[in-house]
Amino acid sequence: MRRTIRHLVVSTVQISGIVIALAFTMTLLFEPGEWRKLAWLTDLLPLLTTIIVLNLLLQLRRLRQQAEKE
């Protein structure tokens, strides 16, 4: 159980980090002064939440299928 939770947390943190880094880079490149306002981060929250929920659902499904095989 701990391994499953650790896997879910690590994958969620990795995906969140990549999405935030990509959004920050795009904001920095295409709207240079806007990255200081943090509005780009609050605008990102619905998308980030959706990506995290989808990742968790997919990972849980994959882990359940893997457990059934064993």
Considering only distance and modelled atom types, tabulate donor-acceptor pairs under 3.5 Å from the side chains of residues 11-22, sequence neighbours left out.
from, atom 1, to, atom 2, distance (Å)
Ser11, OG, His7, O, 3.2
Ser11, OG, Leu8, O, 3.1
Ser11, OG, Asn55, ND2, 3.4
Thr12, OG1, Leu8, O, 2.7
Ser16, OG, Thr12, O, 2.8

Query raised in the report: How many angstroms lie between atom CG of Leu56 and atom CD1 of Ile51, to the nearest 0.5 angstrom?
Result: 12.0 Å
Query raised in the report: In the hydrophobic cluster built from side-chain contacts under 4.5 Å, what are the other members alongside Val53?
Result: Leu57
Report task. Scan for salt bridge (Lys or Arg N to Asp or Glu O under 4.0 Å) pairs involving residues 36-64, sequence neighbours excluded, and state none if there are none. Result -> Glu34-Lys37
Query raised in the report: How far does CD of Gln65 sit from CD of Glu68, to the nearest 0.5 angstrom?
Result: 7.0 Å
**Report entry** Straight-line distance of Leu54 CG to Thr49 OG1, nearest 0.5 Å
**Finding:** 11.0 Å
